[in-house]
Chemist: 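Encoded as structure tokens, here's the structure I'll be asking about.
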Protein chains: 2
Amino acid sequence: MRIGEVAALTGTTARTIRYYEEIGLLAEGAERELGKHRCYSQADVDRIREIVRLKDLLGLSLEQLSQLLEAETARADIRREFQETDDPERQRELLEQSGGHIATQLELVRGRIAELTRLEGELRERSERVEARLASLETQAAPGVRA
Amino acid sequence: MRIGEVAALTGTTARTIRYYEEIGLLAEGAERELGKHRCYSQADVDRIREIVRLKDLLGLSLEQLSQLLEAETARADIRREFQETDDPERQRELLEQSGGHIATQLELVRGRIAELTRLEGELRERSERVEARLASLETQAAPGVRA
DNA sequence: ACTCCTCTTTACGTGAACGTCATATTAGCA
DNA sequence: TGCTAATATGACGTTCACGTAAAGAGGAGT
């Protein structure tokens, strides 16, 4: 795939994708000679989608994402090496790394969910107070209910 | 209170607070004559805290926050007018407005929670897959368990 | 070989959200 | 009243995350 299609598929722009490559968020297909077109796989599309998602949902800077996605980057390498090695000990190591990376992301997401849930609770409380006041107003002043 | 204390209490800086005033996020105490020090109340501190919180948690721009916090701004006015009026019909109106504003915020927060929860599910799934593989590796290659 | 669209590289531009002086003024205190 | 720390105002600087324009090259179809 070429850059335009990837941009369309990910809801970004060619500039954005080149920028992500520029800052090291996306690996520049090392085999590509300068001047020739970049080409992408479905894996790249998936990665870009994940970048956008995490960026939007967690509000992370691209540098923070870089950090976090070293996990993903590593996972790709890990999967490859995993296929190639027959040493079960090495396989175990690779799986544990992978698990650690995912755990980091999970913590982040869960933390954020917790904060938002607290906020939701506070808002709901306010909302209920207003509703209660409204209700008491209705019973007080309802037409024909004058004490 | 003066700006330095407010900055400390909210974890921001004086510049930030002045900036928020500049763009209309914070009302400039209308009674203050130009050149004299700004002064703040606890309500201002609370508002700034809420701004920072929503900004960080939801990743909203200050302009979006401006929109969203028209709700809060209005609530303050509403509370004041609510105290002053005796017309129950008007009181009902004010309460309903207030409720609407809170509902908007609730929707936003809940939507974000839902998205994050989906993400959490996906991550958990991945995590479980890795764990399962690890487990199968252990039973296969556990010392002394050679078939 | 030619065409036309997409892409590449380079480089300058932009908006948001402040940071950072410089200079003048104010408020609290001895 | 004088000193000092905190503030006010104005203006320019900065970082991030791209947008945009210019000039040339790639590549698929005819």
Side-chain angles (χ1 to χ4, degrees), chain A residues 1-42 44-45 47-70 72-73, chain B residues 1-42 44-45 47-70 72 108:
Chain A
M1 300 172 63
R2 293 186 316 185
I3 200 170
E5 194 176 350
V6 175
L9 284 176
T10 57
T12 62
T13 69
R15 176 64 173 110
T16 297
I17 296 176
R18 288 195 205 101
Y19 178 66
Y20 287 175
E21 181 184 316
E22 206 179 310
I23 63 172
L25 244 177
L26 261 46
E28 31 190 322
E31 77 284 1
R32 181 179 68 99
E33 301 143 54
L34 248 104
K36 298 211 164 180
H37 293 178
R38 290 167 180 79
C39 57
Y40 298 90
S41 67
Q42 181 60 36
D44 295 314
V45 173
R47 182 177 172 95
I48 294 172
R49 285 205 175 122
E50 189 133 2
I51 289 174
V52 172
R53 196 177 180 192
L54 290 175
K55 183 169 104 68
D56 290 352
L57 280 182
L58 298 181
L60 302 177
S61 74
L62 294 184
E63 193 177 338
Q64 290 174 307
L65 270 176
S66 234
Q67 302 272 334
L68 190 62
L69 288 184
E70 274 180 26
E72 293 296 309
T73 310
Chain B
M1 301 170 63
R2 293 186 317 186
I3 199 169
E5 194 177 350
V6 175
L9 284 175
T10 57
T12 64
T13 68
R15 175 64 172 114
T16 296
I17 296 176
R18 289 195 205 101
Y19 177 66
Y20 287 175
E21 182 185 315
E22 207 178 309
I23 63 173
L25 244 178
L26 261 47
E28 30 191 320
E31 76 283 4
R32 180 179 70 99
E33 300 143 56
L34 248 105
K36 297 210 164 180
H37 293 178
R38 292 167 179 79
C39 58
Y40 300 89
S41 66
Q42 181 60 37
D44 295 315
V45 174
R47 182 176 172 96
I48 294 172
R49 286 205 175 121
E50 188 133 1
I51 288 173
V52 172
R53 197 176 180 192
L54 290 175
K55 183 169 104 68
D56 290 352
L57 280 182
L58 298 180
L60 301 178
S61 73
L62 295 185
E63 193 177 338
Q64 291 174 306
L65 270 177
S66 235
Q67 302 274 335
L68 190 62
L69 289 185
E70 274 180 27
E72 294 296 310
L108 237 162

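Computed from heavy atoms alone, side chains included, the values below leave out hydrogens, waters and symmetry copies. Throughout, protein chains are lettered first and strands after them, A, B, ... in sequence-line order, and every chain is numbered starting at 1.
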Chemist: Would you kindly give the OH-to-C1' distance between A:Y19 and C:dT14, to the nearest whole Å?
Modeler: 13 Å

Chemist: It should be established whether B:R32 places a side-chain nitrogen or oxygen under 4.0 Å from OP1 or OP2 of nucleotide D:dT9.
Modeler: yes

Chemist: Quick one: label B:L62 by what it contacts on the DNA or RNA (base, sugar-phosphate, nothing), any heavy atom closer than 4.0 Å.
Modeler: sugar-phosphate

Chemist: With respect to the phosphate group of D:dT9, does any side-chain polar atom (N or O) of B:R38 fall under 4.0 Å of OP1 or OP2?
Modeler: yes

Chemist: Any salt bridge linking B:R18 with B:E28? Criterion: basic side-chain nitrogen under 4.0 Å from a carboxylate oxygen.
Modeler: no

Chemist: Can a salt bridge be assigned to the pair A:K55 and A:E50 using a cut-off of 4.0 Å between side-chain N and carboxylate O?
Modeler: no

Chemist: As a test of reading the structure: which of C:dA27, C:dT8, C:dT20 is closest to the side chain of B:H37, going by heavy atoms?
Modeler: C:dA27

Chemist: With a 4.0 Å cutoff (strictly under), does any side-chain N or O of A:T13 reach OP1 or OP2 of D:dG19?
Modeler: yes

Chemist: If you look at every strand shown and take non-hydrogen atoms under 4.0 Å, does A:R18 touch a base, only sugar-phosphate, or nothing?
Modeler: base

Chemist: Would you say A:Y20 reaches D:dC18's phosphate, i.e. side-chain N/O to OP1/OP2 under 4.0 Å?
Modeler: yes

Chemist: Base, sugar-phosphate alone, or nothing: which one does B:L34 contact when heavy atoms must sit under 4.0 Å apart?
Modeler: sugar-phosphate

Chemist: Let's see if you can work this out: which of C:dA16, C:dA27, D:dC18 has an atom nearest to the side-chain heavy atoms of B:R2?
Modeler: C:dA27

Chemist: Can you work out whether B:K36 or A:G4 has the more 5'-proximal nearest nucleotide on DNA chain C?
Modeler: A:G4

Chemist: I want to verify a distance call: between D:dA17, D:dC18, C:dT8, whose nearest atom is closest to the A:T16 side chain?
Modeler: D:dC18

Chemist: Quick check on A:E63: does its CD atom have over 12 non-hydrogen neighbours (other residues, nucleotides or ligands) under 6.0 Å away?
Modeler: no

Chemist: With no hydrogens and no angle check, is any side-chain donor or acceptor of B:D56 less than 3.5 Å from a backbone partner on B:R53?
Modeler: no

